[in-house]
Amino acid sequence: MMLFDTIIRPFLARLDPETAHRLTIRALKSGFGPTAADQDDPRLAIRVLGMEFPNPIGLAAGFDKNAEVYGPMGRIGLGFVEVGSITPLAQPGNPRPRLFRLPADRAVINRMGFNNDGAETARMNLERRGDRSKPGAIVGVNLGKNKTSEDAAADYGTGTAKLSEFADYLVVNVSSPNTPGLRALQSTDELLRIIEAVKAAKKPGLSGVLPPVLVKVAPDLTDEDIADLSAFALTGQEHGLVDGLIVSNTTITRPDDLKDKAVAGEAGGLSGRPLFARSTEVLRDFYRRTEGRVPLVGVGGVSSGADAYAKIRAGASLVQLYTALAYDGPALVATIKRDLLAAMVSDGFTRIGSAVGADHR
Ligand SMILES: Cc1cc2nc3c(=O)[nH]c(=O)nc-3n(C[C@H](O)[C@H](O)[C@H](O)COP(=O)(O)O)c2cc1C
């Protein structure tokens, strides 16, 4: 990990961010990824969505869009890795530049637009998971729709049919801001059609059971949206349609106090530190409205053990991150886990699951 801090990170930081990302993926594919030193402390293990996670810290969608590096990313010490978003057909995404750093804010703005190689390529990459002698990390598969597709439900159904066999969980992503009309699919009518298509297309995964389905939502929801989606998740759970929510995707809002003013005006979704407060409040609201009965994944601006712990206390059973990893590199994962453990122990918890939703009690 030292090598990353002293040589690789300063080098990558000077490159255009998309080139840096491409080189990172290539290095990971070539076996240059670091390997976590320690086994996870058993107090960080958590059972949720019918699976045993060795620790609650995962990689958010968008880093490994084509399911190329879930193995190496698991080995840096993450408890789970989410690949995608994957659309049925390959598509190029928006014209470049489409990824912008805001270093003074520890943030990123992206308008990638679901650039990916399509479900067939992702399936070939995920087929390597078939070798059960090498179990590896828990892998979630995040599904999107093609930009030009007129039938959203059919796209999510196709993604499910092609990929669910290799997924430990599936994500219906209806919250990326860079595909026109996508976020309108968060209305409960639209969502029901999509989820029914997913349910009809699901096949048992590698462990022999049907993978759970989570819906990923935006942080830019109104109170009414949150109330509707909470009710939807509660009834969806009773009917075996929805198993959890991921809160949240990037925001199209721009907090007033952003420092990198020159870049702040770029169109797209903002992630990283400025997203933390809003995404955590929305998470808290979902937990309250679903009375802790629907598993929640907290994501948005996590860059420390304290941030991860705050998401868990607000109601997250699992936590994800992306932007902070791009700034701080893979050693951040061990730091987050160490500080998360210390925080829960100092509050008197003997396992992380007991801290979930602690703020509400
Ligand atoms: C460059 C980039 C690409 C992303 N692509 C996706 C995507 O394809 N699907 C998705 O559900 N979320 C995507 N996200 C959103 C992240 O998964 C996450 O929800 C968001 O960045 C907030 O977490 P963070 O502040 O830790 O980065 C992307 C984020 C970034 C920065």
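We count ligands from 1, going down the list as the structure has it; atoms in each ligand are counted the same way. Any value given below was found using the heavy atoms of this structure, including those in side chains, with hydrogens, waters and symmetry copies removed.
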Checklist entry - Within a radius of less than 6.0 Å around NZ of Lys29, do more than 12 heavy atoms belonging to other residues, nucleotides or ligands occur? => result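 For Lys29, atom NZ is not crowded (no more than 12 foreign heavy atoms under 6.0 Å).
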Next on the checklist: Please determine whether the number of non-hydrogen atoms from other residues, nucleotides or ligands lying under 6.0 Å from atom CZ of Arg193 exceeds 12.
Outcome noted: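 Atom CZ in Arg193 is not packed in, count stays at 12 or less.
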Next on the checklist: Geometry only, no angles: is Gly272 polar-contacting ligand 1 at N/O separations under 3.5 Å?
Outcome noted: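 Yes - when backbone and side-chain N and O of Gly272 are compared with those of ligand 1, one distance drops under 3.5 Å.
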Checklist entry - Counting both backbone and side chain atoms, is some N or O of Gly301 under 3.5 Å from an N or O of ligand 1? => result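 Such a contact does occur with ligand 1.
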Go through ligand 1 atom by atom and flag the ones less than 4.0 Å from a non-hydrogen atom of [X].
X      : result
Thr323 : 24 (P), 25 (O), 26 (O), 27 (O)
Lys65  : 5 (N), 7 (C), 8 (O)
Val299 : 18 (C), 19 (O), 22 (C), 23 (O)

Next on the checklist: Minimum distance, heavy atoms only, to atom 19 (O) of ligand 1: which one of His21, Lys216, Glu82, Gln320 is it?
Outcome noted: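 Shortest heavy-atom distance from atom 19 (O) of ligand 1: Lys216.
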Checklist entry - Of the listed options (Thr250, Ile246, Asn173, Asn110), which comes nearest to atom 2 (C) of ligand 1 when hydrogens are ignored and any heavy atom counts? => result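 Answer by nearest heavy atom: Asn110.
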Item to check | Identity and distance of the protein heavy atom lying nearest atom 16 (C) of ligand 1 | outcome: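 Result: Ala61 O, 3.4 Å.
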Item to check | Whether His21 and Phe63 hold their rings parallel, tilted or perpendicular, with breakpoints at 30° and 60° | outcome: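 His21 vs Phe63 ring planes: perpendicular.
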Checklist entry - Nearest heavy-atom pair of Asn178 and Met112: which atoms, and what distance? => result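 Smallest heavy-atom distance, with atoms named: ND2-N, 3.9 Å.
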Checklist entry - Does a donor on one side chain and an acceptor on the other come within less than 3.5 Å for Asn173 and Asn249? => result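 Checked: Asn173/Asn249 side chains pair up, N/O donor to acceptor below 3.5 Å.
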Checklist entry - Does any donor atom in the side chain of Asp117 or Asn66 lie under 3.5 Å from an acceptor atom in the other side chain? => result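 There is such a pair (donor and acceptor under 3.5 Å, judged by atom type) between the side chains of Asp117 and Asn66.
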